[in-house]
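Atoms within a ligand are numbered from 1 in the order they appear, just like the ligands themselves.
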Amino acid sequence: MIRTKMTELLGIEYPILLGAMAWITTAGLVAAVSNAGGAGVLGSGGRDDTWVREQIQKTKTLTNRPFGINVSLATTPMRDKIVDAIIEEGIDFVTLGAGDPRPFIGRFKDAGIKVVCIIPNTKLAKRVEAAGADMIVIEGMESGGRIGNLTTMALMTNVIPEVQLPVAAAGGIVDGRGLAAALVMGADGIQMGSRFLLASECESHRSNAEAIIQATDTDSCTIGWSRGKGLRGLKNRFAERYLEMETSGVPTEELGKYVQGCSRRVADLGQGEEETNGIVQVGEGLVPLKKIQPAAEIIREVMREAEAILKNAPALVQE
Ligand SMILES: Cc1cc2nc3c(=O)[nH]c(=O)nc-3n(C[C@H](O)[C@H](O)[C@H](O)COP(=O)(O)O)c2cc1C
């Protein structure tokens, strides 16, 4: 058994968070992860407050274990309504990213909702700790989806010694070796997105899972740096076209139109369509992603591997 500040705080059995994935982490997958002893997280990116209410209610019918919801703090017409809906419905915790979480921490905490902030650097980590956050996820640029500039290793090296809060590491962690390494680095657990894209309960189209299984470590790329932030996913015709547009200096508004709605299209559409309609967002930990299996099996496997590694670790030290 592995007990950490993170399992204590969230009231979960294993130190594994499901990384929220817009259009992908819905009630079924979230409840499957929570029922298996991790913590599921709904992805509210691109959704509205009605969807948020329905999904929180639905997840509550599928699990009585703790689960959370992710809110993208980028200013959208929906953001404030989503925050109100979460507070009215009630949930165990929120994960806050894509912006400065500090103005939102007090409202959630006053409503009895724990606040987990997704953090790309030490400065923001210290600031959210001072502002009352309960936990942070440090998310390295190996992650699938929107990314910052620092690697997971650099974040663990820099951030962990500077904060007292529980820390989960994310980005390129897909197995028990990754969990063991994060714990040895001083983290209290991990957040995984990509590995759960291969969960049987994941509703993203199967053609995306197949593309991920076929991919090797050099098949991921990042697009969008010219618009301020990178987005990591599989190199395909869509990504290559985007990169060509980026390097040839196409105006940012046009690039914005090209990517608009692409994550929804990729999550929803059928065989082969991801080639032309969007980028399959996934992290750099690709080689071990070989099969589709139930979320509970993923969690059991990751825990078994991590425990075996940690039990054997003392043998590395010779007197
Ligand atoms: C398809 C996809 C969609 C994602 N969408 C979101 C999102 O809506 N909000 C968020 O905070 N993180 C999002 N992420 C990041 C994940 O929550 C998680 O931190 C990341 O996947 C961890 O790295 P890994 O992919 O190497 O496991 C997304 C990741 C992927 C792969």
Self-check item: Closest approach of Lys109 to Gly132 (non-hydrogen atoms, all atoms of both residues)
Solution: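 Looking at all heavy atoms of both residues, the closest pair is NZ-O, 2.9 Å.
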Quiz prompt | Residue pair Leu9 / Pro166: nearest heavy atoms and the distance that separates them | solution =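 Leu9 and Pro166 have their closest heavy atoms at CD2-CG, 4.3 Å.
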Quiz item: Is the shortest heavy-atom distance from the side chain of Ile12 to the side chain of Arg65 under 4.5 Å?
Solution: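 They are not in side-chain contact.
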Practice problem: Determine whether Ile69 and Thr59 make a side-chain contact, defined as any pair of heavy atoms from C-beta on separated by less than 4.5 Å. | Solution: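 When only atoms from C-beta onward are counted, Thr59 and Ile69 do not touch, as no gap falls below 4.5 Å.
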Exercise. Working to the nearest 0.5 Å, report the span between CG of Leu29 and CG of Leu18.
Key: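 Nearest 0.5 Å value for the CG-CG distance: 5.0 Å.
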Self-check item: Distance, nearest 0.5 Å, that separates NZ of Lys81 from CD of Glu88
Solution: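 Lys81 NZ to Glu88 CD: 12.0 Å, rounded to 0.5 Å.
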With heavy atoms of [X] as the reference, note each atom of ligand 1 found under 4.0 Å away.
X      : answer
Gln191 : 17 (O), 18 (C), 19 (O)
Met192 : 27 (O)
Ile24  : 1 (C)

Tell me: protein heavy atom nearest [atom], and distance?
atom                    : result
atom 27 (O) of ligand 1 : Gly193 N, 2.9 Å
atom 10 (C) of ligand 1 : Asn70 OD1, 3.6 Å
atom 29 (C) of ligand 1 : Gly144 O, 3.3 Å
atom 8 (O) of ligand 1  : Ala22 N, 3.1 Å

Exercise. Take every heavy atom of Gly171, measure it against each atom of ligand 1, and state whether any distance is under 4.0 Å.
Key: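 Judged by the 4.0 Å heavy-atom criterion, Gly171 does count as contacting ligand 1.
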Using heavy-atom distances, let me know which of [options] sits nearest [atom].
atom                    : options                      : value
atom 15 (C) of ligand 1 : Glu139, Gln281, Met21        : Glu139
atom 13 (C) of ligand 1 : Ser143, Gly285, Ala20, Ser72 : Ala20
atom 25 (O) of ligand 1 : Ser194, Gly172, Ser220       : Ser194

Practice problem: Carefully, step by step, assess Tyr258 and Phe238 under the rule ring pair (Phe, Tyr, Trp, His ring centres under 6.0 Å). | Solution: CA-CA 9 Å; Tyr258 184 66; Phe238 178 93; 4.6 Å; yes
Quiz prompt | Salt-bridge contact Lys126-Glu129 (side-chain N to carboxylate O under 4.0 Å) | solution =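 Salt bridge absent between Lys126 and Glu129.
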Quiz item: Is Arg107 salt-bridged to Asp84, going by a charged N under 4.0 Å from an acidic O?
Solution: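 Looking at Asp84 together with Arg107, the answer is yes, because their closest N to O distance falls below 4.0 Å.
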Quiz item: Between Ile118 and ligand 1, which part of the residue brings a heavy atom under 4.0 Å of the ligand: side chain, backbone, both or neither?
Solution: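 For Ile118, only side-chain atoms sit under 4.0 Å from ligand 1.
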Practice problem: Would you check the N or O atoms of Gly45, main chain and side chain alike, for any that come under 3.5 Å of an N or O of ligand 1? | Solution: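 Min N/O separation from ligand 1 is not below 3.5 Å for Gly45.
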